[in-house]
Structure formats: structure tokens, C-alpha cells
Amino acid sequence: MNFLEEKIVKEGIVKEGNVLKVDSFLNHQMDIELFNDMGKEWKKRFAGKNINKILTIEASGIGIACIVAQHFGVPVVFAKKSKSINLEGDMYTAEVESFTHKNKNQVIVAKKFLSEEDHILLIDDFLANGCALQGLIQIVQSAGATVEGIGIAIEKGFQTGGKIIRNLGYQLESLAIVDDMNAATGEIVFREQ
Ligand code: 5GP
């Protein structure tokens, strides 16, 4: 088991509805040393990639992205969730359905922070059905920028997102892939990587 898998086994709680609760180190309280180790690992996995910006989505992606960015020496932009439909023209927008909240949000990034010169590393906490990532990819594409890679902390391999994103040809590096989890027993099975 790697450092993140060990942490998940120690502190993660499997909830009904395919939700893994990791708010003692990722989604509420944040373990910065762990984030730092995640940054080191992604820096290795994306070695040789020309990355000049990290893009994530609020809220839980932001903390991770900021620590990771120190390893790449690049700024972080986060997509904002907005309920407003009347958005001004100086924004890139995409619609994202939330897995955890079951609602739809417009996500927006100001045009001035993304351009065709940008080579982007996408970072997020979880990958489930892939809606959040597809929204971010759509925004990067609208800007004419390039997705150089995607770093996910925890991928739920029994949901469809990972397959969709890999089939699109992106280098997706999930630090822990949960292939099975059981709310009754609390058991979590990781994919060998
Ligand atoms: P997707 O868009 O891939 O279906 O879901 C990804 C988003 O939903 C992540 O950004 C994360 O915030 C949230 N999410 C999905 N599954 C889980 C989960 O099992 N636990 C937690 N804490 N968040 C999740």
C-alpha cells in the first residue's frame, strides 16, 4: 500500500451510496504533509511535462492544488461554482453535475487566467463519474489551452469516470484507486498499480 492508501484505510469511512468520507485529512481537516507527499509523487509521474499552470475546482481541490503547485513552481487557478445563468462574456463556463450534492452548477473561469499558451495540470480530490473533470477539460479546451495531465487523489474505480477520461487519451494519475468498498463491513479494496 502507498502512503495515501494507508491513510484511507486508517481514517476513511465508507458510507452508503458509494461515498468515501475522508474529511479528517482531505475534505475538511487537511493533512498538509500528506498533500506535500502527493505533490512529490505527481511531480515524479509528470516529469518531463511542460506544465505552467494548475487548474482545479472549488472547494476541496484548492488546498491540494496549492501544496502541489509548490512542487511545480506554477500558479493555481480554481474554477468557481456559480448558480448564475447570466454570466458575462469574459468567462469560460461549463456545466457540472455534483456527485455528492446531486445538483448542477455552472463552473466558471475568467478568460484572463487561461489562454492558448497554457499547459495545464488538472488536480482534484476525487474522481467518480468524471463530471467535474469533463467540465474542467471543456474549459481548458474553450481557452485553446492544453491538458498535459490529470492528478486525482482518490479514484473510485468502480464508477465510470476513470475509464472515460483514460479513453479520451489523457494521462490520468490517480494516487489511490478504490475498486471496491463495503459500507457494511468498512472494507476497502485498492487496485494494484
Ligand atoms: P465526479 O464529477 O467525478 O462524479 O465526482 C467528483 C467530485 O465529487 C469530486 O470533486 C468530489 O468533490 C466529489 N466526490 C465524488 N465522490 C466522492 C466520495 O466518495 N467522497 C467524497 N468526499 N467526495 C466525492
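Excluded from the calculations below are hydrogen atoms, water molecules and symmetry mates; all remaining heavy atoms, backbone and side chain alike, are included. All ligand and atom numbering here is 1-based and tracks the order in the structure.
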Any protein N/O atoms within less than 3.5 Å of an N/O atom in ligand 1? List the atom names and distances, or say none.
from     : atom 1 : to   : atom 2 : distance (Å)
ligand 1 : 2 (O)  : C131 : N      : 3.1
ligand 1 : 2 (O)  : A132 : N      : 2.8
ligand 1 : 3 (O)  : A128 : N      : 2.8
ligand 1 : 3 (O)  : N129 : N      : 3.1
ligand 1 : 3 (O)  : G130 : N      : 2.7
ligand 1 : 4 (O)  : N129 : N      : 2.8
ligand 1 : 10 (O) : D124 : OD2    : 2.9
ligand 1 : 10 (O) : D125 : OD1    : 3.1
ligand 1 : 16 (N) : K156 : NZ     : 2.8
ligand 1 : 19 (O) : L20  : N      : 2.8
ligand 1 : 19 (O) : K156 : NZ     : 2.8
ligand 1 : 20 (N) : L20  : O      : 2.8
ligand 1 : 22 (N) : L20  : O      : 3.4
ligand 1 : 22 (N) : N27  : OD1    : 2.9

Item to complete: Could you tell me whether the side chain of I177 reaches within less than 4.5 Å of the side chain of F190, counting heavy atoms only?
Response: no

Side-chain donor-acceptor contacts of residues 132-140 below 3.5 Å, not counting sequence neighbours, with atom names and distances?
from : atom 1 : to   : atom 2 : distance (Å)
Q134 : NE2    : G130 : O      : 3.4

Item to complete: State whether the side chain of E148 and the backbone N or O of F46 hold a donor-acceptor pair below 3.5 Å, judged by distance alone.
Response: no

Fill in: Side-chain heavy atoms of L26 within contact of F35, under 4.5 Å
yes

Item to complete: Please tell me if the side chains of F78 and I123 come closer than 4.5 Å, counting only heavy atoms from C-beta onward.
Response: no

Worksheet item: Can we say K10 and E6 salt-bridge, meaning some charged N sits less than 4.0 Å from an Asp/Glu carboxylate O?
Response: no

